[in-house]
Amino acid sequence: AASLMLMHALPMSTAAANTATSGFVTVNKTHFAKGGQRYYIAGANFWYGAYLGAPSKVGDRGRLLKELDTMKAAGINNVRVLAVSEKTDMASAVRPATTAAPGQYDEQLLVGLDFMMAELAKRDMTAVIYLNNFWQWSGGMTQYLNWFEGTKALDPNVTKDYEDYMAKTARFYRNPKAQAEYRNVIRKIVQRVNTVTGKPYAQDPAVMSWQLANEPRPGNASSTAEDKAVYVKWIADTAAYIHSLDKNHLVSSGSEGLAGSAQDGELFMKAHQSPHIDYLTYHLWPKNWGWIDSRNVAQTWDGALEKSRHYLNVHIDYAKKVGKPIVLEEFGMDRDGASFDIKAPTTVRDRFYGVVFDVVTTRAAKGDPIAGFNFWAWGGAGRAANADYWWKEGNDLMGDPPQEEQGLYSVFDSDASTIALIRATAAKLKALEVKQ
Ligand SMILES: O=C1NC[C@H](CO)[C@@H](O)[C@@H]1O
């Protein structure tokens, strides 16, 4: 016992001491740590946060401060945000875009990211920042292929063919010119000096992690062994590249889990075994994946919940096998009756959030590697502008990006019952943040 006492008395190693006091989020075996304490994510998806921070027409700094204060008051300690968008002719993509063409950036949108990061730090909140998008709503990988393959950027809202979209968009990983430009963007953001605080991003504890992309997939359901090998290598190489630029921060993939891994569990684990990937991520979408029919909940709820519970648990088990933390960084449910109207009740959504939060908090309390959640998505004070609920440039930005109806999954500041569930869950996770 004496020697054990001595062990505890020994000072932490310098590196550990530095990290512990530095405030960076780090990984300690299968958990996050911050400031010498275990750290859990009670987060929101807030893809447009940097847009609100911009000093240009699209920005609304007054709204941003209000949204961050409202989220903080709800116990939310982390936001998952888009770093850059690519200009495209697709109707479903956000405008304006950060990158008009390779190397041509809208500095005001990047200042928006700076401003948001500065405000997060003031509130002891952190950000997961994704550097690309497998989907079309911010230009993303399909826009890179338009630049470097000369192919038309594909909008699945127009083509109505997701299998074709996913197979073609996965060519991004194999295109050397697209990869070179992607690394230029990574370097530009990861090595950026925040123009509001003067602090380099690589030294900012408000950054929790760099994320390769939003929902990168290896291809479509018929991804070949070669597609999968290319995908695994792309994740490992890109994560290694980011770590070569920034030794302080974590790196994650942005994967949805099985749904984003051609339903191949071995692929999901392999993709996250790289020493340069610090934690796993997964997303849960019962409506998008056809598990629930919001117009026929009575008939479809039980099946959807059985599949959801399995999905929630099996990925925590994958993380145990890989030996790293995992974050449920997206999940959502629409309003009752599949309505987009802010006045529609959220009975089904609240029941679904309740099940998700119960699994997350129960398994976290048992010490399993589930390290928190980000619900999709914070709508806050945003309001739909058009009778058809589609977004047009100049309309409020909200949790639903332009490729989806404005009000589909957004949690608005008037959705008190859902915010109460989030607040209660954040408190349960906070109670687990014991000394390391
Ligand atoms: O990353 C995502 N996952 C699901 C969201 C809701 O459908 C979608 O808007 C986004 O592309």
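In this text the structure is predicted, and so the values were computed from the model without any measurement. Note that ligands are numbered from 1 as they come in the structure, with each ligand's atoms numbered from 1 the same way.
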> Tyr144 and ring pair (Phe, Tyr, Trp, His ring centres under 6.0 Å): which partner among Phe172, Tyr173, Phe134?
Replying inline: Phe172
>> Side chains of Arg187 and Tyr241 only: does a donor on one sit below 3.5 Å from an acceptor on the other?
In response: yes
> Which atoms from ligand 1 have a heavy atom of Asn214 less than 4.0 Å away?
Replying inline: 1 (O), 2 (C), 11 (O)
>> Whether Arg80 engages the ring of Trp378 as a cation-pi pair (distance to the six-membered ring centre under 6.0 angstrom, angle to the ring normal within 45°) should be assessed.
In response: no
> For atom 2 (C) of ligand 1, which candidate among Lys287, Glu329, Gln403, Glu330 holds the nearest heavy atom?
Replying inline: Glu330
> Against heavy atoms of Asn288, which atoms of ligand 1 measure under 4.0 Å?
Replying inline: 4 (C), 6 (C), 7 (O)
> Does any donor atom in the side chain of Asp114 or Thr195 lie under 3.5 Å from an acceptor atom in the other side chain?
Replying inline: yes
> In terms of atom number and element, which parts of ligand 1 are under 4.0 angstrom from non-hydrogen atoms of Trp135?
Replying inline: 11 (O)
> Starting from atom 9 (O) of ligand 1, which protein heavy atom do you reach first, and at what distance in Å?
Replying inline: Glu404 OE1, 2.6 Å
> Just by modelled atom types, is the Val190 backbone N or O under 3.5 Å from a matching donor or acceptor in the Asp246 side chain?
Replying inline: no
> If you measure from each non-hydrogen atom of Pro401 to ligand 1, which part falls under 4.0 Å: side chain, backbone, both or neither?
Replying inline: side chain
> Centre of Phe115's six-membered ring, under 6.0 Å away, within 45 degrees of the axis: is that where NZ or CZ of Arg61 sits?
Replying inline: yes
> Do Arg335 side-chain atoms and Ile342 backbone N/O form a donor-acceptor pair below 3.5 Å?
Replying inline: yes
>> If the cut-off is 4.0 Å to any non-hydrogen atom of Glu215, which atoms of ligand 1 fall inside it?
In response: 1 (O), 2 (C), 3 (N)
> Any idea which protein heavy atom is nearest atom 11 (O) of ligand 1, and the distance to it?
Replying inline: Trp137 NE1, 2.8 Å
>> Once you restrict to heavy atoms under 4.0 Å, what part of Leu408 touches ligand 1? Side chain, backbone, both or neither.
In response: neither
